[in-house]
Protein chains: 2
Amino acid sequence: MTYENLDAKLVNALLGDGRASLRSLAEELDVSVTTVSNHLSDLEEQGVIEGYTPRVDYDAVGYDVTAVIQLQVEGNALPDVTDTLRDHRQMTSVYEVTGDYDVIAIGKFEDTDGMNDQIKQLLTDPDIKASNTSVVLNAVSENEQFELEVEDEE
Amino acid sequence: MTYENLDAKLVNALLGDGRASLRSLAEELDVSVTTVSNHLSDLEEQGVIEGYTPRVDYDAVGYDVTAVIQLQVEGNALPDVTDTLRDHRQMTSVYEVTGDYDVIAIGKFEDTDGMNDQIKQLLTDPDIKASNTSVVLNAVSENEQFELEVEDEE
DNA sequence: CATCGAGATTTTCGTACGTCATCAGGTACA
DNA sequence: TGTACCTGATGACGTACGAAAATCTCGATG
């Protein structure tokens with residue numbers, strides 16, 4: 001019964017330290033290094049873990065402004081618009097959504113001028129029928145990845 | 001010249017592989033292992049790199065629904081509301097924003113029922129004056145971290 | 001005033017040592 | 001049969017430390 005639980009624990013341990021060694025993970029989870037190695041490979045192959053990244057504080061490197069941009073798009077132009085947004089490197093998330101707007105995108109900019117320039121340029125697309133931009137005043141939490149549930153048994 | 005450039009290159013290399021060894025990074029950037037180690041420590045101390053995490057595909061572990069929740073909040077209750085949201089483990093991002101709404105939060109849920117339950121419970125808070133939920137139909141890109149600019153000189 | 005250079009500081013580097021990841025072969029248990 | 005474990009062997013890895021190189025500081029000099 002540990003089999004699937006171990007995977008969840010392994011993911012959670014890595015969420016705590018994504019550069020932890022297999023040995024330290026093995027010790028933490030009280031299994032052998034081999035087992036950690038095997039399960040980790042499986043998780044990567046299954047696509048549960050898609051890769052590893054540092055958490056970069058963009059504020060600390062000069063990207064002081066975050067904005068949430070909502071767009072109403074002409075129906076059949078949706079793929080074009082989302083493609084364009086994704087290719088903007090500063091767009092961190094692009095969602096197609098239900099509701100008043102069709103697309104919600106989140107982007108990071110060096111300052112409000114840079115933000116305005118980029119957004120104005122985006123809105124020249126005639127397929128965009130309406131837009132609404134919210135500037136982030138305070139990121140209470142951002143891109144947090146929560147831990148997976150571990151069913152505990154004795 | 002290279003000093004700050006090396007830091008940017010180092011961050012970019014880690015964005016490519018967050019578990020890359022110091023040796024492979026050193027080879028890629030054509031500096032010694034020690035230099036990589038020193039600069040990496042500095043970046044961590046300065047807070048540019050806040051830690052390392054695996055990229056978890058929540059879809060693959062049963063969290064099939066992502067929602068963007070927008071709230072209008074009674075002015076002085078804003079901190080309480082954002083605190084509550086942040087403590088909901090499934091809320092990955094919580095922003096205080098300008099515009100029609102005061103708070104934009106992004107959350108992940110196992111299914112629409114679970115989402116509805118949690119959102120309904122949230123909205124019992126009398127400080128929340130209005131709300132608007134958009135369900136994500138398609139995550140074109142999510143929590144992408146873009147590379148830092150490297151000024152090239154000869 | 002521009003230049004120089006000795007000394008101090010910072011940055012980078014190579015080496016060395018203990019640890020680590022990986023693989024293979026074999027055991028135990030359900 | 002499948003999962004987890006141990007052992008041993010090998011090459012890769014992280015870190016500490018002193019040497020070397022590059023950079024900066026600043027007063028003296030022509």
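Each chain gets a letter, A, B and so on, in the order the sequences are listed, and its residues count up from 1. Note that the coordinates shown come from a computational prediction; the quantities given were computed from them, not determined experimentally.
If you take CG of B:Leu14 and P of D:dG14, they are 11 Å apart, rounded to a whole angstrom. Residue A:Glu44 contributes atom CD, which lies 13 Å from atom C1' of C:dA21 at whole-angstrom precision. When rounded to the nearest whole Å, the span between CG of A:Leu6 and C1' of D:dG2 equals 15 Å. The separation between B:Arg19 atom CZ and C:dC20 atom P is 13 Å, rounded to whole Å. The distance from atom CG of B:Asn5 to atom P of C:dT12 is 12 Å, rounded to the nearest whole Å. As rounded to whole Å, 16 Å separates atom C1' of C:dT22 from atom CG of A:Leu25. Rounded to whole Å, the distance from CG on A:Asn38 to P on D:dT3 is 10 Å.
No salt bridge links B:Asp117 with B:Lys120; every basic N to acidic carboxylate O contact stays at or beyond 4.0 Å. Note on A:Glu142 versus A:Arg55: no salt bridge recorded, every NZ/NE/NH1/NH2 to OD/OE distance being 4.0 Å or above.
More than 12 non-hydrogen atoms from other residues, nucleotides or ligands lie less than 6.0 angstrom from CD of A:Glu50. For A:Glu110, the CD atom counts as densely surrounded, since its 6.0 Å shell holds more than 12 non-hydrogen atoms of other residues, nucleotides or ligands.
Taking all atoms of both residues into account, the shortest heavy-atom contact from A:Ala8 to A:Val150 is CB-CG2, 4.1 Å.
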Polar-atom pairs under 3.5 Å, protein N or O versus N or O of nucleotides 10-13 of chain D: list them with distances, or write none.
unit_1 : atom_1 : unit_2  : atom_2 : d
D:dC13 : OP1    : B:Ser21 : OG     : 3.2

Would you tabulate the pairs of protein nitrogen or oxygen atoms and nucleotide nitrogen or oxygen atoms of nucleotides 24-30 of chain C closer than 3.5 angstrom?
none

**Message:** Between A:Tyr52 and A:Glu44, does the side-chain hydrogen bond (donor to acceptor under 3.5 Å, both in side chains) criterion hold? Intermediate values first, please.
**Reply:** CA-CA 10 Å; A:Tyr52 304 87; A:Glu44 289 168 0; 2.6 Å; yes

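Between A:Thr35 and B:Val33, the residue anchored closer to the 5' end of DNA chain D is A:Thr35, taking for each the nucleotide with the nearest heavy atom.
Contact annotation for A:Val31: backbone-only contact, meaning every heavy-atom pair under 4.0 Å involves sugar-phosphate atoms and none involves a base.
End-to-end axis angle of the helix from C:dC1-D:dG30 to C:dA30-D:dT1, using five pairs per end and rounding to 10°, comes to 30°.
Checking D:dT15, D:dC6, C:dC13 against the side-chain heavy atoms of B:Ser32 singles out C:dC13 as nearest. The listed nucleotides are C:dT12, D:dG14, D:dC5; the one nearest the side chain of B:His39 is C:dT12.
For the pair A:Tyr95 and B:Ile106, the minimum side-chain heavy-atom distance is below 4.5 Å.
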